[in-house]
Amino acid sequence: MADSITITLPDGTPRELSEGANAGDLAASIGRGLAKAAVAATVDGKQVDLTTPLPDGATVAIVTSNTPEGRHVLRHSTAHVLAQAVLQLWPGAKFAIGPPIEDGFYYDFELPGGAAFSDDDLARIEERMREIVKEGQPFVREEHSRDEGLALFADQPYKREIIEGVDETEGAEGGVVSAYRNTPEFVDLCRGPHVPSTDRLGAFKLMRVAGAYWRGDEKRPQLQRIYGTAWESRQALEEHLHRLEEAERRDHRKLGVELDLFSFPDEIGSGLAVFHPKGGLVRRLMEDYSRRRHEEGGYEFVNSPHISKESLFQISGHLDWFAEGMYPPIEIDEGNRYYLKPMNCPFHILIFRSRQRSYRELPLRLFEFGTVYRYEKSGVVHGLTRVRGMTQDDAHIFCTKEQMAEELHSLLTFVLDLLRDYGLDDFYLELSTKPEGKAVGGGEEWDEATEALREAAGKMDLELVMDPGGGAFYGPKISVQAKDAIGRTWQLSTIQVDFQLPERFELEYTGADNQRHRPIMIHRALFGTVERFFGILVEHYAGAFPLWLAPVQVRVLPVRDDHDGYAASVADRLRAAGFRVEALDASEPLGARIRRGKLEKIPYVLVVGDDDVAGGTVGVNDRAGNVERGVPVDDFLARLARELVVRAGV
RNA sequence: GCCCGGGUAGCUCAGUCGGCAGAGCAACGCACUCGUAAUGCGUAGGUCAGGGGUUCGAAUCCCCUCUCGGGCUCCA
């Protein structure tokens, strides 16, 4: 037949189709399963609707719903359904943007009379959405000129603004305004592609309402945002909801109360934590190990006060660049203003500057668990991960320009090694460059520092992603991003190169040439902050700290009261070997005491009864639920010792 | 800081129409002495976040403040 076209599949196979055939036809010709899973197509590298006629000679890939791209399409289409439902339920509502995001989508609206959605509205909206899905409305692509587009959305100011906008991202490319129509009444500006019909959707759920600024600008109108999640199948949706439950189960704020680790008393103030004995112990163990490693790594330990005169932060530039993040000054005597310190660097700099320095001293590495205070906006404080008073495991390395590359490389190695000892081992690196407008120093120095960081990162055999404009005001940074036990990414360590502060404080050392030179400074924190890292570890381990960090490592339970003496002697032996042990009396049934141990996530619960007293053994219960009877105490001790060395949990 | 939703016993949560403040768990006491995830009985525990207002009467309705959560913005 003359009226046919030939396209190429991704694997290079040619395929003949009748002229005018679209990707949906192609999928159907390949197989029913593919046709069912197809949501869009990639034609010569560009995503299009399944209904778009295929050009002769094109390379075509079917986008299926169980891929990241496919879910993107599903979510985007579901967002349109959400918009239609809201516009039906709230006549006169304005709709803004509704993109797919990780795990779902959102849509921003402005309701008539400045009304807001309530949680109850979500159920109503969802119900309406399900009707729309059931109706099987088609997504029909329309292309308009710019003026037609403006006319089409005459009563939709946000859509008009998008069309008029210079950044032509949402369906207004090359003078052509594309839109997708579901019904004679509902059409939405959109670049596409979309699923062919609303009946291809369904595994979705509206999650929450929130406020959001138009275009993310706090000076512009605040819109009402609805978040939803959408998946290719009911099962994938359920799995996602289960992951959310799992994250909730691990929430460090919840576990902090349950395990009696820390609290945020209202009387102290928002974002200011107190650590209880058990949390304090874990924290001390974390710090002690870090201290030991830093000592071995050539760091020297310093201390600095929590407040200082205004002038220090004028010199450092903090008052110029970071004032909104600082607590207001404390005024004493006559007009003497003191600030709570938001960062440790100026203090460490003064230690460097306290006398003349020789090149022989460099690199000089000054370390401190330095407590800093930052005035965080009231809406952003969050558990231990975003607080107003925090302790950084902070160090500043002063070195020569020549030493910088090697220092950065060994530093990154040191950082990753240490983090692995805390149980994190899935990393990638992020390089943050000069922030727009909000930076000190010339472009040349920034370039040089950025390049040095990039080079060091390149040697690490880890993925490196760019974060343009994300640096601090005084220098670019590398941050180590770690994935936790359930795959969430946390920004941990940061390493920043700084040419500015040595300049501002006029730091100098005497070189081998007997000339004065200016050192380079590297700021680095591994945990970021002790509080935040603590919270991350709680979530990573779901509160079940590995043996070396567990506040109570072993609990000994006598079966009856008359086993008390033996239980105490076992506890004493373990304690003498350096373990944190407690023995509980038999005032509750054994089952209840076992249960309590599990809930407290104690690594080992030992049960001792008649057999054990007779044989000098213990019954070993680990957290995972394994039970072993008649274990000689020495064997158990050896097991503890082995486990401690590898820093692993059960 | 902004938008929305919360705050009732240590924890989780009920509390109807504005009419005596409740439960389970935890705590404490007594009994039970038990071999693997909750023994029984009893006792105590509250300025219903705080302040103001409406009302004969407020946990409940209104206002303000504090605080928590979800977002926006910001960020370690």
Side-chain angles (χ1 to χ4, degrees), chain A residues 106 108 110 114-122 207-227 251 253-254 257-258 260 263-271 322 324-325 342-343 372 374-388 390-394 432 470 472 477 479 490-494 496 523 525-533 535-536 557-564 585-600 605-612 618-621 623 625-630:
Chain A
Y106 66 81
D108 288 346
E110 183 184 299
F117 292 116
S118 73
D119 287 339
D120 298 335
D121 291 333
L122 288 186
M207 302 300 287
R208 58 177 59 99
V209 297
Y213 299 107
W214 170 233
R215 295 262 153 109
D217 182 343
E218 59 185 316
K219 290 176 193 68
R220 310 204 59 179
Q222 181 138 23
L223 305 173
Q224 290 287 310
R225 175 171 298 179
I226 293 178
Y227 282 92
D251 192 319
R253 295 166 300 183
K254 193 176 153 69
V257 175
E258 285 174 10
D260 197 14
S263 62
F264 291 91
D266 283 358
E267 292 82 348
I268 299 177
S270 181
F322 200 71
E324 82 283 3
M343 293 186 193
V372 299
R374 296 187 186 173
Y375 177 72
E376 298 291 348
K377 289 182 180 179
S378 65
V380 308
V381 295
H382 179 92
L384 287 174
T385 57
R386 193 75 184 274
V387 292
R388 285 179 170 168
M390 70 211 94
T391 302
Q392 297 180 310
D393 60 329
D394 208 2
S432 303
K477 71 176 179 193
S479 52
W490 302 90
Q491 178 178 318
L492 297 175
S493 320
T494 58
Q496 300 178 297
H523 306 240
L526 272 48
F527 295 158
T529 75
V530 179
E531 289 80 1
R532 183 165 178 276
F533 193 65
I536 291 168
L557 305 180
V559 172
R560 279 192 322 270
D561 270 355
D562 50 320
H563 305 126
D564 267 1
D585 65 27
S587 60
E588 280 181 302
L590 182 63
R593 286 177 288 152
I594 295 274
R595 178 168 189 270
R596 192 187 295 268
K598 301 273 189 209
L599 293 177
E600 290 178 41
V605 173
L606 304 184
V607 174
V608 294
D610 290 335
D611 302 347
D612 299 297
V618 294
V620 178
N621 303 264
R623 262 186 311 217
N626 302 308
V627 182
E628 210 180 331
R629 292 278 294 271

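Computed from heavy atoms alone, side chains included, the values below leave out hydrogens, waters and symmetry copies. Here is the naming used below: chain letters follow the sequence lines, and residue numbers restart at 1 for every chain.
- OP1 or OP2 of B/A27 lies within a sub-4.0 Å distance of a side-chain N or O belonging to A/Arg596.
- In this structure, the side chains of A/Val608 and A/Leu557 stay at 4.5 Å or more apart for every pair of heavy atoms.
- In this structure B/U73 sits in no base pair that meets the Watson-Crick or G-U test at under 3.5 Å.
- Residue A/Thr529 places its side chain closer to B/A76 than to any other of B/A76, B/C34, B/C3.
- Side-chain to base pairing of A/Arg386 with B/C74: one donor and one acceptor N or O lie within less than 3.5 Å of each other.
- Aromatic ring pairs are classed by plane angle as parallel below 30°, tilted from 30° to 60° and perpendicular above 60°; the pair A/Tyr227 and A/Tyr106 is tilted.
- When heavy atoms are screened at a 4.0 angstrom cut-off, A/Val372 is found touching no nucleic acid atom at all.
- Residue contacts shown for A/Ala592 are limited to sugar-phosphate atoms, with no base heavy atom under 4.0 Å away.
- For A/Ser378 and B/G1, the shortest distance from a side-chain N or O to OP1 or OP2 is below 4.0 Å.
- Residue A/His563 places no side-chain N or O under 4.0 Å from the OP1 or OP2 atom of B/C34.
- You'll find that the side chain of A/Val380 is closest to B/G1, out of B/G1, B/A76, B/U33.
- Across all strands shown, A/Glu588 has heavy atoms under 4.0 Å from base atoms, whether or not it also approaches the sugar-phosphate.
- If you check every strand for non-hydrogen atoms under 4.0 Å, A/Asp266 touches sugar and phosphate atoms only.
- Side-chain contact between A/Phe533 and A/Leu526 is absent, with no heavy-atom pair separated by less than 4.5 Å.
- B/G42 and B/A26 have their P atoms separated by 15 Å, with the value rounded to a whole Å.
- Phosphate proximity of B/C72 to A/Tyr227: present, with a side-chain N or O under 4.0 Å from OP1 or OP2.
- Nearest heavy atoms, A/Pro558 versus A/Ala586: O-CB, 3.9 Å.
- Mapping A/Arg388 and A/Leu384 onto RNA chain B via the closest heavy atom, the residue that lands nearer the 5' end is A/Arg388.
- Nearest to the side chain of A/Gln222, among B/U36, B/G71, B/U39, sits B/G71.
- Residue A/Ser587 is in base contact, counting any heavy-atom pair closer than 4.0 Å across all strands shown.
- By the 4.0 Å N-to-carboxylate-O rule, A/Arg560 lies close enough to A/Asp610 to be salt-bridged with it.
- Comparing B/A38, B/G70, B/U33 by their nearest atom to the side chain of A/Ala210 picks out B/G70.
- Checking B/C72, B/G35, B/U39 against the side-chain heavy atoms of A/Val607 singles out B/G35 as nearest.
- Looking at A/Arg560, its side chain has no donor and acceptor atom pair within 3.5 Å of the base of B/C34.
- Listed pair A/Tyr213 / B/G71 fails the phosphate criterion, with no side-chain N or O lying under 4.0 Å from OP1 or OP2.
- The residue from A/Arg596, A/Arg593, A/Arg595 that alone fulfils the salt bridge (Lys or Arg N to Asp or Glu O under 4.0 Å) condition with A/Glu588 is A/Arg596.
- In this structure, B/C17 makes no Watson-Crick or G-U wobble pair, since no nucleotide meets both defining distances under 3.5 angstrom.
- Contacts of A/Gln392 with the nucleic acid, taken as non-hydrogen atoms under 4.0 Å apart, are absent.
- The A/Tyr375 side chain lies nearest to B/G1 when the options are B/G1, B/U36, B/C3.
- Base-pair partner of B/G24: B/C11 (Watson-Crick or G-U wobble, both distances under 3.5 Å).
- Of the listed nucleotides (B/A76, B/C74, B/C4), B/C4 has the atom at the smallest distance from the side chain of A/Val209.
- Residue A/Gly383 is in sugar-phosphate contact alone, with no base atom involved, counting any heavy-atom pair closer than 4.0 Å across all strands shown.
- Between A/Arg253 and B/G70 there is a side-chain polar atom (N or O) within less than 4.0 angstrom of OP1 or OP2.
- Checking A/Lys377 against A/Gly609, the closest nucleotide of RNA chain B that is more toward the 5' end is the one next to A/Lys377.
- A heavy-atom distance below 4.5 Å is found between the side chains of A/Arg388 and A/Ser378.
- Of the side-chain N and O atoms in A/Lys477, one or more sit less than 4.0 angstrom from OP1 or OP2 of B/A76.
- For B/C68, one of the phosphate oxygens OP1 or OP2 lies less than 4.0 angstrom from a side-chain nitrogen or oxygen of A/Ser270.
- A gap of 14 Å separates the C1' atoms of B/G45 and B/U8, to the nearest Å.
- With a 4.5 Å cut-off on side-chain heavy atoms, A/Val372 and A/Asp394 do not count as touching.
- In this structure B/U39 sits in a base pair with B/A31, meeting the Watson-Crick or G-U test at under 3.5 Å.
- Look at the P atom in both B/U65 and B/G70: the space between them is 22 Å, to the nearest Å.
- Across all strands shown, B/G5 pairs with B/C68; the Watson-Crick or G-U wobble distances both stay below 3.5 Å.
- One can find a donor-acceptor pair under 3.5 Å joining the base of B/A76 and the side-chain atoms of A/Glu376.
- The phosphate of B/G71 has OP1 or OP2 within less than 4.0 Å of a side-chain N or O from A/Arg208.
- Residue A/Asp562 is classed as having no contact, given no heavy-atom separation below 4.0 Å to the nucleic acid.
- Summarising the base pairing, B/C61 is matched to B/G53 through a Watson-Crick or G-U wobble pair whose two defining distances lie under 3.5 Å.
- On a pure distance criterion of 3.5 Å, a polar donor-acceptor pair joins the side chain of A/Asp612 and the base of B/G35.
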